[in-house]
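All values below come from the heavy atoms of this structure, side chains included, with hydrogens, waters and symmetry mates left out. Given the structure is predicted, the values throughout are model-derived calculations rather than measurements.
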Amino acid sequence: MIVMKFGGTSVESAAAIDRVSKIVSSRLSEKPVIVVSAMSKFTDHLVAMSHAAGSGNKDKALQLSLAARERHFQAVSELLDTAVFTDLHSELEEDFNGLDDLLRGIAAVGELTPRTTDNVLSFGERVNAKIVAAAFETRGIKSKRIDSRQIIVTDASFTKAVPQFDETNDRLKEIVKAALDKTFVPVMGGFIGSTKEGIPTTIGRGGSDFSAAIVGAGLDAERIEIWTDVDGMKTTDPNLCSTALRIKNIGFEEAAELAYFGAKVLHPSTLLPAIQKNIPVLVLNSRNPSNQGTMITARAPHCRNPFKAIAAKKRITIIDIVATRMLGAHGFLRSIFEVFDRHRCAVDVVSTSEVSVSLTVDSNEAIPAIATDLQKLGDVKYEGRKAIVCLVGENLRETPGVAGKVFSAVSDINIRMISQGASEINLTFVVEEDDVPRAVRQLHDIFFADPDPEVFAFA
Ligand code: ADP
Ligand code: ASP
Ligand code: MG
């Protein structure tokens with residue numbers, strides 16, 4: 001079997017869902033399980049609704065909900081036969097009425113908890129799985145919609161819930177595999193799950209890719225396909241640099257590093273389950289399905305260029321801790337990391353000197369409290385609006401002089417921190433957020449002027 005995940009833009013409208021049906025029809029012999037996102041931008045829209053309701057603005061929340069209802073009904077009316085349409089229409093009416101009741105409840109209490117947030121946010125994927133399954137049915141694909149809340153079991157860390165793999169894998173086999181065995185095409189929503197007690201959760205924004213990988217690993221898929229709006233993983237974000245090239249093949253570790261450092265095309269956790277089961281991941285374009293996309297596997301072919309790609313991650317804060325009493329003392333770094341641990345805050349880049357430590361974290365509301373705790377250890381300063389630029393490539397280890405070339409390419413840009421990970425497949429530095437486009441373009445011009453045709457393609 002294979003998993004096919006379709007992201008927001010791939011299922012954003014009747015025309016998009018129709019394209020998806022054709023793509024799925026061409027893969028039926030491979031027994032696909034389909035994972036779909038909410039329609040594009042709809043999760044943002046749900047966030048806006050929940051915030052409006054949470055701040056007591058019931059009318060605005062309901063207005064936004066009405067616009068969403070109309071968008072979905074429009075798609076459904078274009079997609080479905082009358083009989084299927086009538087059934088689904090009344091079901092969706094009930095769903096949207098339920099959403100409105102929930103928003104009214106939140107507005108009445110005037111408080112939005114992470115738990116209710118997840119209840120609202122899960123709505124996009126829940127309804128879209130129903131719509132896509134019905135569209136398949138109308139187009140002769142024998143499909144079965146599956147409520148992901150009954151399959152993906154997570155802990156109760158609402159908005160970034162952690163999947164519980166043993167329980168999830170049991171349910172995947174019991175419910176999704178059973179549907180496949182009966183020759184159905186199962187259609188599930190990505191991004192969502194529930195606790196063991198059945199309370200809806202979400203696994204982090206952009207998490208449908210991760211859902212697809214969880215399903216693929218749990219069912220020992222031959223392949224996990226991530227269908228999106230670009231021709232695969234590119235040498236950099238095509239929105240930043242119009243000359244970005246398609247990467248034909250890339251290794252798991254390199255792709256994971258890129259995803260972690262901001263290549264939004266893959267959610268950062270996607271590759272973990274795939275790596276564990278050694279399942280190839282393909283990134284493909286639903287608007288251009290004949291393009292070969294990017295194949296992500298354990299081993300990628302040798303590449304003549306030192307780097308495969310450049311990623312950038314914005315909204316970073318640098319924290320500097322200066323402590324002269326650290327001179328010659330041990331246990332200082334441990335005390336620092338204990339503070340971050342207590343606040344459950346991940347640290348990305350670290351650099352130390354004899355009397356100071358600089359580190360980066362994703363900008364978040366806990367930083368002032370973290371800084372207060374760190375003040376017990378030394379003088380603390382923090383500064384937001386920074387970005388990490390990360391160059392990734394396996395050849396980095398064998399190519400002398402690469403760092404020199406990198407820093408001369410960005411010699412006119414102020415660089416705050418530099419680091420090369422122990423894996424030696426990434427070279428990372430920190431710049432002002434506003435300098436990202438320039439840094440990325442200048443690096444791209446230098447390192448991809450002569451791309452290895454075995455690894456990169458212009459289309
Ligand atoms: P989906 O809704 O299908 O999950 P996303 O918007 O999450 O799609 O991811 C696709 C987008 O990721 C692309 O449109 C592109 O703007 C962005 N992106 C960032 N870095 C890269 C990269 N290195 N290669 C391809 N796309 C990238
Ligand atoms: N719909 C969710 C989001 O926008 C999950 C996803 O699309 O991957 O974050
Ligand atoms: Mg995505």
Side-chain donor or acceptor of S143 paired with backbone N/O of V185 under 3.5 Å: no
Validation row, ring centre F191 to ring centre F210 under 6.0 Å: no
Ion pair check, D44 and R205, cut-off under 4.0 Å: yes
Qualifying residue, where the test is side-chain contact (heavy atoms from CB on, under 4.5 Å) with T317 and the options are V361, T360, N364: V361
NZ (K196) with more than 12 external heavy atoms under 6.0 Å: no
Exercise: do D231 and N288 side chains pair donor with acceptor under 3.5 Å: yes
Pairwise salt bridge (Lys or Arg N to Asp or Glu O under 4.0 Å) hits with a residue in residues 402-431, at least two apart: D320-R416, E383-R416, D412-R438
Sidechain N-carboxylate O distance under 4.0 Å for R287, E12: yes
Sidechain N-carboxylate O distance under 4.0 Å for R334, E338: yes
More than 12 heavy atoms of other groups within 6.0 Å of K41 NZ: no
Salt bridge (charged side-chain N to carboxylate O under 4.0 Å, His left out) involving K130 - partner list, sequence neighbours excluded: E91, D95
Only pairs under 3.5 Å count here: list side-chain donor-acceptor contacts from residues 443-459, not counting sequence neighbours, and write none if there are none.
residue: H444; atom: NE2; partner: T235; partner atom: OG1; Å: 2.7
residue: D450; atom: OD1; partner: R304; partner atom: NH2; Å: 3.0
residue: D450; atom: OD2; partner: R304; partner atom: NH2; Å: 3.4
residue: D452; atom: OD1; partner: E454; partner atom: N; Å: 2.9
residue: D452; atom: OD2; partner: R304; partner atom: N; Å: 2.8

Pairs touching residues 225-244 that satisfy ring pair (Phe, Tyr, Trp, His ring centres under 6.0 Å), sequence neighbours left out: F6-W227
Heavy-atom side-chain proximity of R171 to K173 below 4.5 angstrom: no
Within 6.0 angstrom of D181 CG, more than 12 heavy atoms from elsewhere: yes
Exam field: side chain N128 to backbone S37, donor-acceptor pair closer than 3.5 Å: yes
Side chain to side chain, V406 and F429, heavy atoms closer than 4.5 Å: yes
Side chain R223, main chain L282, donor-acceptor under 3.5 Å: no
T297 side chain vs P280 backbone, donor-acceptor pair below 3.5 Å: no
Polar side-chain atom of T168 near backbone of Q164 as donor-acceptor pair, under 3.5 Å: yes
T202 side chain to D118 side chain, donor-acceptor N/O pair below 3.5 angstrom: yes
Donor-acceptor pair, side chain of T399 and main chain of V402, under 3.5 angstrom: no
K31 atom NZ, over 12 foreign heavy atoms within 6.0 Å: yes
T294 (side chain) donor-acceptor with M233 (main chain) under 3.5 angstrom: yes
Pair E433 + K314, salt bridge at N-O below 4.0 Å: no
Under 3.5 Å side-chain donor-acceptor pair for S356 and S353: yes
Donor-acceptor under 3.5 Å (R71 side chain, A67 main chain): no
May I have the list of side-chain donor-acceptor pairs in residues 236-244 shorter than 3.5 Å, sequence neighbours left out?
residue: T236; atom: OG1; partner: I310; partner atom: O; Å: 2.9
residue: D237; atom: OD1; partner: N239; partner atom: N; Å: 2.9

Presence of salt bridge, D209 and K5, under 4.0 angstrom: yes
With T201, the side-chain contact (heavy atoms from CB on, under 4.5 Å) member among T195, L121, V153: T195
Neighbour count >12 (heavy atoms, 6.0 Å) for atom CD, E253: no
Residue pair Q74 / E78, side-chain donor-acceptor N/O under 3.5 Å: yes
E30 side chain vs R27 backbone, donor-acceptor pair below 3.5 Å: no
More than 12 heavy atoms from other groups under 6.0 Å of CZ on R342: yes
Could you list the donor-acceptor pairs under 3.5 angstrom formed between side-chain atoms of residues 267-275 and any protein atom two or more places apart in sequence or on another chain?
residue: H267; atom: ND1; partner: S269; partner atom: N; Å: 3.1
residue: T270; atom: OG1; partner: H267; partner atom: N; Å: 3.3
residue: T270; atom: OG1; partner: H267; partner atom: O; Å: 2.5

Side-chain H-bond candidate by donor/acceptor type, T113 with T116, under 3.5 Å: yes
Check: T138 side chain, A134 main-chain N or O, donor-acceptor pair, under 3.5 Å: yes
Minimum side-chain heavy-atom gap F42-H45 below 4.5 Å: yes
